[in-house]
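Following: one structure in C-alpha cells, then a few remarks.
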Protein chains: 2
Amino acid sequence: MRATDRPAAGARTREPAIARQPTENPSPIDADEPWMRGLHADTGYLLYRLGLRSGQAFNTFLQESGVRLRHYAVLRYLATSEGALQRELSTRLGYDPSAIVGLVDDLEKQDLAERRPSPDDRRSRIVVLTERGRTFLRDTDEAGLRVTNDLLAPLDPAERETLHALLLRVADRP
Amino acid sequence: MRATDRPAAGARTREPAIARQPTENPSPIDADEPWMRGLHADTGYLLYRLGLRSGQAFNTFLQESGVRLRHYAVLRYLATSEGALQRELSTRLGYDPSAIVGLVDDLEKQDLAERRPSPDDRRSRIVVLTERGRTFLRDTDEAGLRVTNDLLAPLDPAERETLHALLLRVADRP
DNA sequence: AACAACTATTGACGTCAACAATTATTGCTT
DNA sequence: AAGCAATAATTGTTGACGTCAATAGTTGTT
C-alpha cells in the first residue's frame, strides 16, 4: 500500500461542474486521484455504515418487546455469565457505568433482570437474569437470528462464516 | 436514599427455575441452550459493535480538523460526484434530509463546500466542493487510511481484501 | 483514624437519528 | 389559468446515546 506518495498531483483543472442532473447517477468512480475514491472504498466506513444498519435492524426487531439493543446485549451477556457486576457489564459491553444504571433499571422494571447485593462487597450489585428474562431470551432468540440472517442475505453460509471469523479477529482486542 | 431495598427478599437461595409464567411455548430447559450463546456469536452484533468502534476512531481522527464523520462522508461523496442535490446526499448517504441541512451549513461555514442554485429546479440546491474542500480531502486522505489500517491491524492484507469484498456485498443493496 | 481507590449513581452537555410541520416551488389536472 | 398534489429544503421537536464531572457509600491501606 502506498504510504506517503502524494506527489503534487495538483493541477486539477478546476472544472465548474454544475448541472449534472444526477437523479440516477451511476457513480463515475474513475479516480484519477487517490483522495477521490468513493466512500465504499474504505472498509472502516463500510463497517460504520453496516453497524448502523445492523443496530437499526435489531432495534426495530426488539421494538415490540419493549427493550432495545443495549438491553438485549445486557441480557445476552447475563445469559452466559449468570450474574455480573455492573462494573463488569460496563467494561465488557463497552457502555459507560452511568449507562448501565439506566439499563438495569429498565430491565428490573420489566422483571427481566434484578440486582442482588454482593456478599463480598457492599458497593457492588450483582445483576442476574430473572426467570422471565430467561424465557424472554428463549422466545426471542429465533427472531434475533433471523435479523442477522436477513442482514447477511447476500452471502452464502460459507461466506457468512468467513465474515464472522474475520470480524471476530478484528473485534477481539480490547 | 437507600431506604426500602428489596422488601421481600427472603426465600431467594437458588432459583429452582420453575416457570411460573407459563408462556405459550413450554420448551424445557436443556443443557446447552441456543439462546445462551455469547454476544460475539452473532455477526449482526459484531457489526454493530465494530461499527461503533470504527465511527469513534474516525471521529477522533477528524476531531482536530473541525469536521466529523458525517461531514467527511458528505465531502467524500462530493469528491466522486462533483456536485449533488441535498436530496441525493440524503438518499445516498442514508441521512435524513434535515440532517443534510446542518451538515452542509457546517461545511459552508468552513468553506469546504458551497450551495449553488440549480438551474433546472429552484427548489433544489447543488452542493459542490470548494477548492479548499478538495485540498482538505487531499491532505486528510492519508491519515484517514491509517485509521482504517489501524482498525484492521489483526488482519493481513489478503484478509482485509476478503473482508472488504464481503462487506461490500452486504452493503450494496439500497 | 485518616486517606486513597473504587462502585454505583446522578446530573449536565453535546451529538445524533427519526418525525412532523412549514415554505417555496414544480408538475399535473381540469 | 387556477387548483392541487408532490417535491426540496428547512425548522423544530423528541428521544436515544456517549462522555464527562461530581457525589455517596464502601473498601483497603497506611
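Sequence lines set the chain letters: A, B, ... in the order given, protein chains first and strands last, and positions in each chain run from 1.
By the ring pair (Phe, Tyr, Trp, His ring centres under 6.0 Å) test, B:Tyr45 pairs with B:Tyr48, sequence neighbours left out. A search for side-chain contact (heavy atoms from CB on, under 4.5 Å) contacts involving B:Thr162 returns A:Thr162, A:Leu166, B:Leu166, not counting sequence neighbours. A:Asp120 is linked by a side-chain contact (heavy atoms from CB on, under 4.5 Å) to A:Ser118, counting only residues two or more places apart in sequence or in another chain. Considering only residues two or more places apart in sequence or on other chains, A:Arg87 meets the side-chain hydrogen bond (donor to acceptor under 3.5 Å, both in side chains) condition with none of them. Among residues two or more places apart in sequence or in another chain, the side-chain contact (heavy atoms from CB on, under 4.5 Å) test is passed with B:Arg122 by none. Remark: A:Arg146 engages A:Glu142, A:Ala143 in a side-chain contact (heavy atoms from CB on, under 4.5 Å) (not counting sequence neighbours). With sequence neighbours excluded, the residues satisfying side-chain hydrogen bond (donor to acceptor under 3.5 Å, both in side chains) with A:Glu88 are A:Tyr77.
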Check the interface with nucleotides 3-7 of chain C: list each N/O to N/O pair with the protein under 3.5 Å, or write none.
| unit_1 | atom_1 | unit_2 | atom_2 | d |
| --- | --- | --- | --- | --- |
| C:dC6 | O2 | A:Arg123 | NH1 | 2.6 |
| C:dT7 | OP1 | A:Arg87 | NE | 3.4 |
| C:dT7 | OP2 | A:Arg87 | NE | 2.8 |

Short heteroatom pairs, N/O only, protein and nucleotides 14-16 of chain D, under 3.5 Å:
| unit_1 | atom_1 | unit_2 | atom_2 | d |
| --- | --- | --- | --- | --- |
| D:dA16 | OP1 | A:Arg68 | NH1 | 3.4 |
| D:dA16 | O5' | A:Arg68 | NH1 | 3.1 |

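For the segment residues 89-100 of chain A, the set of residues with a heavy atom within less than 4.0 Å of an atom of DNA chain C comprises A:Pro97, A:Ser98, in numerical order.
The side-chain tip of B:Arg49 points at the ring of A:Tyr95 from less than 6.0 angstrom away and within 45° of straight on.
Rounded to whole angstrom, the span from the CZ atom of A:Arg115 across to the C1' atom of D:dG25 amounts to 15 Å. Per the geometry, CD belonging to A:Glu88 stands 10 Å off P belonging to C:dA8, to the nearest Å. As a whole-Å value, the separation of B:Arg53 CZ from D:dC17 P is 20 Å. A:Gln63 places its CD atom 9 Å from the P atom of C:dC19, with the value rounded to the nearest Å. D:dA9 atom P lies 13 Å from atom CG of B:Asp105, rounded to whole Å. The CZ-P distance, from A:Arg122 to D:dG28, rounds to 11 Å in whole Å. Atom pair B:Asp106:CG and C:dG14:P shows a separation of 15 Å (rounding to whole Å applied).
A 4.5 Å side-chain heavy-atom check between A:Leu167 and A:Leu47 finds at least one atom pair inside the cut-off.
The hydrophobic cluster around B:Val101 extends to none of the other residues, as no ILVMFWY side-chain heavy atom falls under 4.5 Å of it.
Applying the side chain to side chain donor-acceptor pair (under 3.5 Å) test to every pair with at least one member in residues 102-113 of chain B, sequence neighbours left out, gives these pairs: B:His71-B:Asp106, B:Asp105-B:Arg115, B:Glu108-B:Arg115.
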